[in-house]
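Read the structure below first, then the notes.
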Amino acid sequence: DARVTQTPRHKVTEMGQEVTMRCQPILGHNTVFWYRQTMMQGLELLAYFRNRAPLDDSGMPKDRFSAEMPDATLATLKIQPSEPRDSAVYFCASGLVNSRNTIYFGEGSWLTVV
Amino acid sequence: KQEVTQIPAALSVPEGENLVLNCSFTDSAIYNLQWFRQDPGKGLTSLLLIQSSQREQTSGRLNASLDKSSGRSTLYIAASQPGDSATYLCAVDNTDKLIFGTGTRLQVFP
């Protein structure tokens, strides 16, 4: 059963530390999204990639966040330095967007910055 | 900028009731609209996808309609069950990006 895999599932870190979240998209999917979910803001799109190329990262704070796709099987989201306001659930999703199909979400990385 | 709104924010109903969840969006130039379900502590699962050329989609007890010109979609849940308790989110596809509403938190009690 194909699924999007995210690691870590849970992370508690101290303010100022670097956090790296990883995502393995479903094999064959050409588009990968990073979303952040909080109670106040709901689901916000941070960045997305098509065929590993970044298409839009306008939703991401550029000074501390970075997103990459080193290869087709791995997407990363880094926060450096982390701040308490970054505490949220970070979701990765993948899909074949060109075919106007749905996208599939991972179970999220729950981040707490203290 | 596309904005997606869902009403109501929360809903609590007895088992067996038929429900309507509402979604509205400001920019009607969409490729499709999707309804997702999110259980506590989990990711999102797609329930129904309506292409912009379609008016509705059905899956089991779920029926979703789309009125692009008025910027509205409804999700109809027939004969609700406690297992339907979850948060339901609609999302519109604008230029290959999914923009989400804030969701409706549904509780169905026995």
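Bear in mind the structure is a predicted one, so any value in this text is a computation, not a measurement.
- The number of heavy-atom neighbours closer than 6.0 Å to NZ of A:Lys11, taken from other residues, nucleotides and ligands shown, is 12 or below.
- Distance check, rounded to the nearest 0.5 Å: CZ of B:Phe100 to OH of A:Tyr35 gives 5.0 Å.
- The distance from the CZ atom of A:Phe91 to the CD atom of B:Gln38 is 4.5 Å, given to the nearest 0.5 Å.
- Using a 4.5 Å cut-off between heavy atoms, A:Tyr104 makes no contact with chain B at all.
- Between A:Gln37 atom CD and B:Leu44 atom CG the span is 6.5 Å, to the nearest 0.5 Å.
- Both the backbone and the side chain of B:Leu98 come within contact range of chain A, judged by heavy atoms closer than 4.5 Å.
- A:Met21 and A:Phe65 fall within the same hydrophobic cluster, defined by Ile, Leu, Val, Met, Phe, Trp and Tyr side-chain heavy atoms under 4.5 Å apart, directly or through other members.
- Atom CD1 of B:Ile7 is surrounded by 12 or fewer heavy atoms from other residues, nucleotides or ligands within 6.0 Å.
- In this structure, CG in A:Leu43 is found 9.5 Å from CZ in B:Phe36, a value given to the nearest 0.5 Å.
- Under the 4.5 Å side-chain heavy-atom criterion for grouping Ile, Leu, Val, Met, Phe, Trp and Tyr, B:Val20 is not connected to B:Leu106 through any hydrophobic cluster.
- Within 6.0 Å of atom CZ in B:Arg105, 12 or fewer heavy atoms from other residues, nucleotides or ligands are found, so the atom counts as exposed in its surroundings.
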